[in-house]
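Structure first, then comments.
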Amino acid sequence: MTQTASATPTVPNRPAQGTSALVLVSHSRPLAEAVAALARQMTGDAVDIVCAAGAGDNGETLGTDAVAIAQAIESVDRPAGVVVLMDLGSALLSADLALELIPPEVRVNVRLTGCAFVEGAVAAAASASAGANAETIIREAANALMPKAAHLGEDTDGTAVLQASGDQPYDASGEATIPDPNGLHARPAARLVALAGTFDAEIFISDITRGAGPVQASSLVALSTLGSRGNDRLQVSARGPQANDAVKAMLQLIGGLTGADEISAPAVAPGSGVAQTSSRAVPVAPGVAFGPAVYFERTIPQVPTWKTEDTAAEIARLKRALSGARKSIGASSAGRTGSDIFVVQIALLRDPALVQRAEMLIASDHCNAAAAWQRAVTEAAEVYAQLDDPYLKAREADVHDAGRTVLRFLLGSEQAQLPKGAPCILIADDLAPSEAAQLDPAQFLGVIDRRGGPTSHAAILLRAAGIPSVAGAASLVPVEGARMAGLDGATGEVWVDPDAATQERVEQRRAAWRAARKAAAQDASGKVATRDGREIELWANVAGIADARAARQAGAVGIGLLRTEMLFLDRSEAPGEDEQVETLRGIFDIFVGYPIVVRTLDAGGDKQLPYLAMESEANPYLGVRGVRLCLERSELFETQFRAILRAGQGHDVRIMIPMIAEAPEIEQTRVVLDRAHQALVKAKVPHLWPVPLGTMIEVPAAALLAERLAAQTDFFSIGTNDLTQYVLAAERGHPHLGRYADAAHPAVLRMVQEVVEAGKTAGRPVSVCGEAAADPMTAALLVGLGVTRLSMGAASLGGIRQAMRKFSFAALEAAAHDALSKADAAGARVGLQSLI
Ligand code: PEP
Ligand code: MG
């Protein structure tokens, strides 16, 4: 059935209610009808295809009309789904608007797809007529361009390299959902790109939810064009000798992108809660600053353009410059907070969308390397600039920044110099991440960026450096000539050459802010007492050097959980003993003199290691994970023990075993640990010995038998994340089961009580290192149950410190006791309300 909906669509017959329907949205009515006719050649009348095309009374003028689209959708509404295909530009906007015009019960059946209009419509119709569901139809439509892309990929269009190339079948394929609510933004995408590069396989990714792709997984720009958000389902396909391993590893990484390990701050600076108004800039980093205004002038290198005959020599020059730029970025960012930001830039400098494009411009247009590179960078930056997602849009600045670094190598020009001299307020125009990274807080009291925004990498670095900053201040600050300037990075207020009274007020505000900051810094104590004097130790959860630094600064008096998975993930083989020693030493050195609890490898479950060729499992969380896996692969376990013992020499290191369910697992672990010690003794390698061995309580069986386990263990640490999922039989991170992921549930609290009692009887310390320790209300209940050591991410330490001071232990004990008999987690917390 083909109908055309202009302003007044007619209701078609519905011959196939069990079959999904298609709505074709186009600027041109004849175009939509022709495409519908093409599609119907595949399907006959088996699929409802409606056109919502053209504008004006009869759809005769070029344009799209949201009302007509809404009517067209409603005319074919059905539970089997309505798939909407659009041609270009405002078609998408009108379709989006149409979704707002239709009733919610119709909207739930509708899926928009960004597939190619003609090829997609034909493929979608064929798929719908075969009875496919809307998701499959969208996937088919998205793949419809692949045969064409095989040719275009070799051709002259710079964006063609973004598409999957080749029409050969894939050797392996699989799907995963992105748990990170921010979606596939630059840093996770850069991790995917880096991982893709470790396999001998061509890897492609499509966003099934959005009907976008497939694109090359080796291209950061291409991945960004997918526009993938949290909960999107991605398909990874690969061909080549390591296709299977590659798909497995990529899916594993995607499934593990929770965003939990991101250093980025929220879109609006912490504590601000202030939207941009015409008289305010965008808050970026909190704090008040005032001082002489200094403008940052970036000299843009002039890029010479000429025609070259020796294209091979120019390509070689470009390659040398790229390699030099990558090394320089890597060297200047190594080990610092925010180094993952520069990983994004390094990935960009390997990105085929940039590199192949520039090489192609040299080879086919005979451009010199610098001019070709400049053009490729401008094109890639434009791709980002056009994206809707603010996180992805902000990556335009990274492309320009990384691009400039390469130009410096090509042209031999200097890096932009920051102004030198007395303390000042820096006024910049789109500060680049590489520039923000060089700012010394002692000289740069504050930053006012006339452009930029809170999600830029420069903003993240400014927050990490603690430099009060605002962005988007173009209308508030003159292009030149300001002499004195001030800002409040929490509220977005900006003052330029204020009168004396205002200046005094701003300076008072700055003094108050500095005093508060100093008090908070002095307060970075790792021990906190409740109002009635119950002392609680605050330790930190750490997964790398940057975390460890942040944790020390935030006052943690120990590392309660060093997750060692970071050493094993995103690679194609297990790390060697020496490499592990080096990484661990780097972290231990930051916590010299403090206790450090190193958790042994907790792979399996959601953390698959492709190089271990683990068997696929129906329920990986109930499968061979944690200590079960390590005992199966005891050589891996022993190597890790040797590395921990070697690196631990001279430190207060303790070892902790994840996923213990019963005592024999601890006994078997001790056998492997002893073997590691003996091997080091034999080889005369200095190492830490003896070493305390602790048990992580994550499995209900271990909690219930804690009294038995106490005889074999030196300490307990409760992993409430896993314990909660196992007690409530609700997979952690499951999109529909979020309400169960709450450790304040009385059933979980009872387990905690069990372990605390067992620890008390046997004289074994009990800490909590799951997320519950970082949630003030749940942590309060844990303390009420007798827990005296809480371990959490550095960012949560301040909040927990403050919260604990507000409570009295006696009241917490009573509230926790009551909580044990409540019906659910919400009920368990009720008793705390009156205590705050
Ligand atoms: C836990 O399960 O609570 C825990 C801390 O371990 P992870 O989150 O690393 O599984
Ligand atoms: Mg766990």
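Counting convention: from 1, in listed order, for ligands and their atoms alike.
For Leu561, every heavy-atom contact with ligand 1 shorter than 4.0 Å involves the side chain, none the backbone. Contacts between Asn541 and ligand 1, counted as non-hydrogen atom pairs separated by less than 4.0 Å, are absent for every part of the residue.
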Full working for salt bridge (charged side-chain N to carboxylate O under 4.0 Å, His left out) between Glu632 and Arg628: CA-CA 6 Å; Glu632 268 192 12; Arg628 301 171 188 177; over 6 Å; no
Passes salt bridge (charged side-chain N to carboxylate O under 4.0 Å, His left out), Glu577 versus Arg646? Steps please. CA-CA 9 Å; Glu577 184 178 319; Arg646 279 175 57 193; 2.7 Å; yes
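Interface atoms of ligand 1 facing Arg563, defined by a heavy-atom separation under 4.0 Å, are 4 (C), 5 (C), 6 (O), 7 (P), 8 (O), 9 (O). Against a heavy-atom cut-off of under 4.0 Å, Gly770 is close to the following atoms of ligand 1: 3 (O), 5 (C). Taking every non-hydrogen atom of Asp602 and a distance limit under 4.0 Å, the qualifying atoms of ligand 1 come out as 10 (O).
Residue Arg599 places a heavy atom under 4.0 Å from ligand 1. In this structure, Glu771 falls outside the shell of residues with a heavy atom less than 4.0 angstrom from ligand 1. Every heavy atom of Glu565 sits 4.0 Å or more from the atoms of ligand 1.
Annotation: side chain of Phe641 is not in contact with side chain of Val691 (no heavy-atom distance under 4.5 Å).
As for Asp722, its N/O/S atom nearest the Mg ion (ligand 2) is the one called OD2. For Glu698, the N/O/S atom at the shortest distance from the Mg ion (ligand 2) is named OE2.
Checked options Thr669, Asp714, Thr713; the residue passing with Thr695 is Thr713 (criterion: side chain to side chain donor-acceptor pair (under 3.5 Å)). With Ile596 as reference, Ile559 is the one residue of Leu584, Ile559, Val542, Ile590 to meet the side chain to side chain contact (heavy atoms under 4.5 Å, CB included) rule.
Using a 3.5 Å distance cut-off with no hydrogens or angles, the side chains of Thr564 and Gln640 do pair a donor with an acceptor. In the model, Ser717 has a side-chain atom that pairs as donor or acceptor with a side-chain atom of Ser767 under 3.5 Å.
Closest to atom 10 (O) of ligand 1, if we only count protein heavy atoms, is Arg732 NH1, 2.9 Å. Closest protein heavy atom to atom 4 (C) of ligand 1: Met696 CE, 3.5 Å.
The aromatic rings of Phe591 and Tyr594 stand perpendicular to each other, their planes meeting at an angle above 60°, with 30° marking the opposite boundary.
For a distance bound of 2.8 Å, the N, O or S atoms of Asp602 include none lying that close to the Mg ion (ligand 2).
Counting heavy-atom neighbours within 6.0 Å of Tyr740 OH, excluding the residue itself, gives a total of 12 or less.
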